[in-house]
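Note sheet for the following structure.
Every number for a ligand or one of its atoms is a count from 1 in the order of the listing.
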Amino acid sequence: MNAQTRGVAEETRVLVVEDDRGIAESLVRGLRQAGYGAEGVRTGRAALSAPTPDVVLLDLGLPDIDSVEVCRRLRARSDAAIIAVTARGEEADRVVALDEGADDYLVKPFGLAELLARIRAVLRRRRPAGPEILRHGPLALDLRTRQVLLDGREVALTPKEFGILECLAADPGRAVTRQQILERAWDAHWYGPTKVLDVHVAALRRKLGVPGLIETVYGQGFRLGAVQDSRERS
Ligand code: CA
């Protein structure tokens, strides 16, 4: 699949942050052949000073700045999709990276086809869904701007957290299964562990700070619970 057949891939810029020269060069080459605008940098410092790309492929083992810090700072200043890359056995790092705003992760070694599929998936999930606003109690989700308001105040969510909330707010009160959420907020072909979902739901609950808003439906998944607005809560 090249830039001509993909169309949008021509404008899509991928920043490869990887200190291993061999891996970095082969990734950049593969991405370019697939029609992406790809650049490689070797350090966290260089990643943070590079022009904002559409997708960041972020190695979690960098020589200068802690990669989770790089992830946090990239997320704070841009809405680039971040795919964390780890070695086998670095599960704790992956969880922290997801918590700090990474959209997805890959475990080395991975093939180019898998990388391209993940990039397509993170980009697809970022496309605005239309000028619709979902409301539930104190919560309002603007599906076009991807903004979340709670009692009129904006809550900054990661794209994954927004995706989960969007699934639940589409039909408040109805239980949405873990698999449905993973398929809609992650990728239709997600087959990884579902505990990654719990990490994001925990972060989402913490950020929203409204007890009972996201209910666990044991053995099934999650749903939005009936909550009152702030005047009734206080
Ligand atoms: Ca490394």
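Only protein N, O or S atoms were scored, and 3 of them lie under 3.0 Å from the Ca ion (ligand 1).
Salt bridge present: R13 and D54 bring a charged side-chain N and a carboxylate O closer than 4.0 Å.
Under 3.5 Å, the side chains of Q147 and T145 contain a donor-acceptor pair of N or O atoms.
Remark: L48 pairs with I65, V70, R73, L74 by the side chain to side chain contact (heavy atoms under 4.5 Å, CB included) rule, at least two apart or across chains.
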R77 vs R72, side-chain contact (heavy atoms from CB on, under 4.5 Å): CA-CA, chis, key distance, verdict: CA-CA 9 Å; R77 62 167 209 171; R72 185 181 303 134; over 6 Å; no
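The hydrophobic cluster containing V217, built from Ile/Leu/Val/Met/Phe/Trp/Tyr side-chain heavy atoms closer than 4.5 Å, comprises no other residue.
Residues in residues 200-217 take part in these side chain to side chain donor-acceptor pair (under 3.5 Å) pairs, two or more places apart or across chains: E161-K207, R205-T216, E215-R223.
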